[in-house]
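Below is one structure; the comments refer to it alone.
Letters A, B, ... are given to chains in the order of the sequence lines, protein chains preceding strands, and every chain is numbered from 1. All values below come from the heavy atoms of this structure, side chains included, with hydrogens, waters and symmetry mates left out.
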Number of protein chains: 2
Amino acid sequence: MSESAVNLRYFILGLLTRQPMSGYDVKRFLKSLSWLIGSPSAGSIYPALRVLLQDHLVKVDVELREDRPPRKVYTITQAGRRVLQLWIERPVGPGTSMKAFMMRLVLASNYPRTGLVAHMQQRRSEVANHQHALEQIGKGLGERDDIGQRLAVDYALAVARAELAWLDAELTGAAQELAFVGTR
Amino acid sequence: MSESAVNLRYFILGLLTRQPMSGYDVKRFLKSLSWLIGSPSAGSIYPALRVLLQDHLVKVDVELREDRPPRKVYTITQAGRRVLQLWIERPVGPGTSMKAFMMRLVLASNYPRTGLVAHMQQRRSEVANHQHALEQIGKGLGERDDIGQRLAVDYALAVARAELAWLDAELTGAAQELAFVGTR
DNA sequence: AAGCGCATGTAAAAGGTTACATGATTAC
DNA sequence: GTAATCATGTAACCTTTTACATGCGCTT
């Protein structure tokens, strides 16, 4: 359950590589993807942006409009891009949540193609491991009355299988692309 | 992203309905299911148990062993069972994470059968909603260069489809059981 | 001899949510 | 006229992680 820490800041930093955004923009965007990543409240987004600003990883331009609170548009700096690259290239250890994987997937455009493939392969092996572990648990359960545990393990297995199927399909596609690029 | 709060305490309380456990037992069990629910550190489990104890929802028996730290075995009290029922019957609002759903699924044996079915139907409609929302986002993305967003949405859709398939299969099974019980 | 599993816990720090505060504009 | 959306932010509170502290027994 570790390393959810620090992630929101880096993820927001990553979003700013697509285009400059205000805190409110970030909030709206995250809300639209709430299913994938969660929808953090204002009380975590604005402070996160302030920290990024203090660390000089983003700069801010204030858009003044008449009779409204000013809109503060944040832009990633060169230093920000460097720090983001370090974060993105840092291999994610075992036990990474789907949410953490999703975050990096959303930021795919910041990866070199091979880096993205490596990241997906990493996920593939993680999920395969856990699938195996779940199957073992399932067997161990046998005829007992752990109805809840059996349901939960079964549910998780169904999800794991879907993840693996998607990753395999996507990875074979990517492998062909890379092979093509390599031979032309 | 709300209401992760308070959950670990209740979930641990729920685990104690299966059998009395020590903090270390809880930790080991959670670790084995880390993929489903996450594996909280000692720093959250032991304090959680202390709070449960202070609220008289569990009681503790100390097993003294030679030359080792004593093992503290926690047992749920009647008051604990009542509080757990209230938590379990409280309808989970929209935006509930898979993890929160999993927690309640693991505790399925504490539900009356119809309550469990209702809970799964609730999840079904939630996932269906989000699937729809994701499909809309996917269409809106079109031919743009949001490669990351497209991948993430696609991935989430694959997972959502798997969840729906599982829930539908399980719910039709449960419906037949209930019908059978109803007619005999 | 080093490290892991057992077994408990605490303290500091980080992170997040909830609730509040402000205030204009737009849609019903 | 009432509610939602836009737009920012703060403060108190809660939970969780990280890192530490202790110490035995077993395995490599």
Output yes when at least one side-chain N/O atom of [X] is less than 4.0 Å from OP1 or OP2 of [N], else no.
X: B:Ser22; N: C:dT8; value: yes
X: A:Tyr24; N: D:dT8; value: no
X: A:Arg50; N: D:dT10; value: yes
X: A:Ser44; N: C:dG15; value: no
X: A:Arg28; N: D:dT5; value: no
X: B:Lys27; N: C:dG5; value: no
X: B:Arg9; N: D:dC14; value: no
X: B:Ser41; N: D:dT16; value: no

Under 6.0 Å from the six-membered ring centre of B:Trp87 and within 45° of its axis: does the NZ or CZ of B:Arg104 meet both? yes

Sort me out a list of protein N/O and nucleotides 22-24 of chain D N/O pairs below 3.5 Å, or just none if empty.
none

Per nearest nucleotide of DNA chain D, the residue lying toward the 5' end, A:Asp25 or A:Lys31, is A:Lys31

Find which nucleotide of DNA chain D each of A:Arg65 and A:Pro47 is nearest to by heavy atoms, and output the residue with the more 5' nucleotide. A:Arg65

Hey, could you give me each pair passing salt bridge (Lys or Arg N to Asp or Glu O under 4.0 Å) that has a residue in residues 32-48 of chain A? Not counting sequence neighbours. none

Using a cut-off of 4.0 Å on non-hydrogen atoms, how would the nucleic acid contact of B:Gly23 be classed: base, sugar-phosphate, or nothing? sugar-phosphate

Closer than 4.0 angstrom, basic N to acidic O: yes or no for B:Lys27 and B:Asp25? no

A:Asn7 CG - D:dT16 P separation (whole Å): 17 Å

Given atom CG of A:Leu64 and atom C1' of D:dC6, what is their separation to the nearest angstrom? 16 Å

In dot-bracket notation, what is the pairing pattern of DNA chain C, taking Watson-Crick (N1-N3 plus N6-O4 or O6-N4) and G-U wobble (N1-O2 and O6-N3) contacts under 3.5 Å, with [ ] crossing and | for other strands? ||||||||||||||||||||||||||||

